[in-house]
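Just so we're on the same page: letters track the sequence lines, and every chain starts at 1. The structure presented is a predicted model; accordingly, all values stated were derived computationally and were not measured.
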Amino acid sequence: MSDLRETRLEKAAALQAIGQGPYGLGFAPSHSTAALQQAHADLANGAERDIPVAVAGRVMTRRVMGKLAFFTLVDESGPIQLYLEKATLDGAHAYPASPDASPSGFAQITTLVDAGDLIGVAGSLRRTDRGELSVKVTSWQMLCKSLQPLPDKWHGLADVEKRYRQRYLDLIVSPHTRETFRRRALAVSAMRRWLDQRGFLEIETPVLQSVPGGADARPFETHHNALDLPLTLRIATELHLKRLVVGGFERVYELGRIFRNEGISTRHNPEFTSIEIYQAYTDYIGMLELTEQLIAAVCQQVCGATRISYQGTEIDLTPPWRRATMHELVQQATGLDFTTFSNREDAAAAMQAKGLAVPDLADSVGRLLVEAFEQTVEADLIQPTFVLDYPVENSPLARAHRSKPGLVERFELFIAGRETANAFSELIDPLDQRQRLEAQQARKAAGDDEAQSVDEDFIHALEVGMPPTGGLGIGIDRLVMLLTDSASIRDVIAFPLLRPESGSRPEPAQ
RNA sequence: GGGUCGUUAGCUCAGCGGUAGAGCACUCGGCUUUUAACCGAUUGGUCCUGAGUUCGAAUCUCAGACGACCCA
């Protein structure tokens, strides 16, 4: 409604007329609202405490009754009530004297301040008869006049689309949303602190790459004008972090944004955040122990416990976590022992006999094992479970298993039915690595557009020599979903990708 | 990619073939202990878009846009 905006613009002009503009330059609060609530918890109902306080924030609700009014002011720490008394405000000269200032200070604050405005107030403290700690205001200052209405004060912002498109409104009216992003920040900083304390260095690697690598995924394509060079956005940080290990950094990580040109769902956003961690002279079991300790420590810091509730289910992240091989889990779920299949046809027939789908792209026993796992096991791994020892076909960057032919030293961590982490003993044999990537390239040529490419410089780095190394990747968004009890990845990404609203969409390029 | 559901006032929603509705917000009046304040009055609409059926469409049909959820 533009009437409302017009009205507020008129109030902005009125503010100008009485000697202060609608946009303040700054304000020095003496306390956060939460600090006041805490420090004066002992103040009795109906009592006053004559100490000077100043607070700033957004006016969320207004209740005006004749010569007395109550506003609720909210700053980042929370709410406090403003106690606005005509007798007090009209005696206190809230504004520079103005010859034609007909409205009183009380009339000004009650007519020129709307819900949604940012104001600063000064005064003393009073707990009302009903027990609400309040700032008894003696002067006030407009800091920002809001021209838009707030969402419904009782129902809030229920339209999920609007919550994502106008996250600022969601944050203003939804304490739960604020808490989610506060916890996300806490989780990320706790994770960095944990690693930094153990001698890991965070080193940033390129987002723009000419050979995308390190994962099975389709990249976003872009172009560098000056070099006239086609580039892709990174789909993983793996290959560059390994180059750093070759260079002598024995403990490195990078926590940052990854881009994959894939569909959108409650578990996928095209840009998401991962952390990859590499440690020289250890293997995937070393990384498994690191994963348990790291995630449990982060959970403890963010949630205050390692037993948490996720979407109504209790999840216990207290180490140690269950470990099982993929073969064991598939056998438990289906009765099929994939170690007994010597060719794809036998495995496919056995799967079909159990009613499982057999996709054409799964062209080997190992790939069918992974299919069977995804179809029958994955969704039921609610408590944290390390799934160990993957087939070599699906893991071109992982080292061959030391004792199990056809497998690699790799685990994935599942929590709440979702893949949350992935780790290997890294493949450091350059000749083996070349063969594996060339096999991937062949798949790509055959039509698998998620297959990986050969990165010659990466292979060259391996020829220079990389120490035996354990590597780990954790999906930060999915971990934060768990720690904030969020059902959708969009609830933990401040500004998730959405289609532009119709009308603002550019014409498709020719 | 397939299916289901949704889109009506700034916000939250009702209306489901016969003049476009409610609560909150806004505006005006009243009110010195409220906290979803209250009482009274007023204001506010591309019923997502387009086509069709009909004497008549927010309502029925078809197509499209956007979103949510489920499945692949």
Asker: Please identify each residue that fulfils ring pair (Phe, Tyr, Trp, His ring centres under 6.0 Å) with Phe272(A), with sequence neighbours left out.
Answerer: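 Phe272(A) satisfies ring pair (Phe, Tyr, Trp, His ring centres under 6.0 Å) with no other residue.
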Asker: Pick one: which of Leu368(A), Val408(A), Leu369(A) meets side chain to side chain contact (heavy atoms under 4.5 Å, CB included) with Pro391(A)?
Answerer: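 The passing option is Leu369(A).
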Asker: From the set rC26(B), rU35(B), rC11(B), return the single nucleotide nearest to any side-chain atom of Arg62(A).
Answerer: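 Within the option list, the nearest is rC26(B).
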Asker: OP1 or OP2 of rG67(B) versus the side-chain N and O atoms of Arg499(A): is any pair under 4.0 Å?
Answerer: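 Looking at the OP1 and OP2 atoms of rG67(B), one of them is under 4.0 Å from a side-chain N or O of Arg499(A).
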Asker: Tell me the partner of rA58(B), counting only Watson-Crick (N1-N3 plus N6-O4 or O6-N4) or G-U wobble (N1-O2 and O6-N3) with both under 3.5 Å; none if nothing fits.
Answerer: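 Paired with no nucleotide.
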Asker: How is Lys11(A) classified with respect to the nucleic acid when contacts are heavy atoms under 4.0 Å: base, sugar-phosphate, or nothing?
Answerer: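 If one applies the 4.0 Å heavy-atom cut-off, Lys11(A) turns out to touch the sugar-phosphate alone, with no base involved.
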Asker: Looking across every strand, which nucleic acid part, if any, lies under 4.0 Å from Thr72(A) by heavy atom: base, sugar-phosphate, or nothing?
Answerer: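 Nothing, no heavy atom under 4.0 Å.
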Asker: May I ask which nucleotide in the shown strands pairs with rU46(B), Watson-Crick or G-U wobble, both distances under 3.5 Å?
Answerer: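 Here rU46(B) is not engaged in any pair, so there is no nucleotide opposite it.
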Asker: Determine which nucleotide pairs with rU27(B), using a 3.5 Å limit on both distances of a Watson-Crick or G-U wobble pair.
Answerer: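 WC or wobble partner is rA41(B).
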Asker: Is any side-chain N or O of Lys162(A) closer than 4.0 Å to OP1 or OP2 of rC11(B)?
Answerer: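 For Lys162(A), the contact criterion (side-chain N or O under 4.0 Å from OP1 or OP2 of rC11(B)) is met.
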Asker: Taking atom types as modelled and ignoring hydrogens, do the side chains of Arg63(A) and Thr61(A) form a donor-acceptor contact shorter than 3.5 angstrom?
Answerer: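 Short answer, yes.
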Asker: Side chains of residues 350-364 of chain A: which donor-acceptor pairs under 3.5 Å do they make with residues two or more places apart or in other chains?
Answerer:
residue: Lys354(A); atom: NZ; partner: Thr334(A); partner atom: O; Å: 3.4
residue: Asp363(A); atom: OD1; partner: Arg367(A); partner atom: NE; Å: 3.0
residue: Asp363(A); atom: OD1; partner: Arg443(A); partner atom: NH1; Å: 3.4
residue: Asp363(A); atom: OD2; partner: Arg443(A); partner atom: NH1; Å: 2.9
residue: Ser364(A); atom: OG; partner: Arg367(A); partner atom: N; Å: 3.2
residue: Ser364(A); atom: OG; partner: Glu393(A); partner atom: OE2; Å: 2.7

Asker: Heavy atoms only, 4.0 Å cut-off, all strands: where does Gly156(A) land among base, sugar-phosphate and nothing?
Answerer: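 Gly156(A): backbone/sugar contact only, no base atoms under 4.0 Å.
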Asker: Does the structure show a Watson-Crick or G-U wobble partner for rA68(B), both distances under 3.5 Å? Name it, or say none.
Answerer: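 The base-pairing partner of rA68(B), which may sit in any strand shown, is rU4(B).
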Asker: Atom pairs, N/O to N/O, protein against nucleotides 68-72 of chain B, distance under 3.5 Å?
Answerer:
residue: rA68(B); atom: OP1; partner: Arg490(A); partner atom: NE; Å: 3.3
residue: rA68(B); atom: OP1; partner: Arg490(A); partner atom: NH1; Å: 2.2
residue: rA68(B); atom: OP1; partner: Arg490(A); partner atom: NH2; Å: 3.4
residue: rA68(B); atom: OP2; partner: Arg490(A); partner atom: NH1; Å: 3.2

Asker: Scan residues 168-178 of chain A for pairs that pass salt bridge (Lys or Arg N to Asp or Glu O under 4.0 Å), counting only residues two or more places apart or in two chains.
Answerer: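 Qualifying pairs: Arg163(A)-Asp170(A), Arg167(A)-Asp170(A).
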Asker: Measure the shortest side-chain to side-chain distance between Leu150(A) and Met60(A) over non-hydrogen atoms and say whether it is less than 4.5 angstrom.
Answerer: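 The answer is yes; the side chains approach within 4.5 Å.
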Asker: Is there a donor and acceptor pair, one atom on the side chain of Arg63(A) and one on the base of rU33(B), closer than 3.5 Å?
Answerer: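 Result: no qualifying N/O pair found.
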Asker: When all nucleic acid strands are considered with a 4.0 Å heavy-atom cut-off, which category describes Val64(A): base, sugar-phosphate, or nothing?
Answerer: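 Result for Val64(A) = base.
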Asker: For residues 349-356 of chain A, which residues have at least one heavy atom under 4.0 Å from RNA chain B?
Answerer: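 Of all residues in residues 349-356 of chain A, none places a heavy atom under 4.0 Å from RNA chain B.
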Asker: Quick one: does Asp152(A) reach the base of rG23(B) with a side-chain donor-acceptor pair under 3.5 Å?
Answerer: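 Present.
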Asker: Using the test ring pair (Phe, Tyr, Trp, His ring centres under 6.0 Å), find all partners of Phe414(A) that sit at least two apart in sequence or belong to another chain.
Answerer: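 Phe414(A) satisfies ring pair (Phe, Tyr, Trp, His ring centres under 6.0 Å) with Phe373(A) only.
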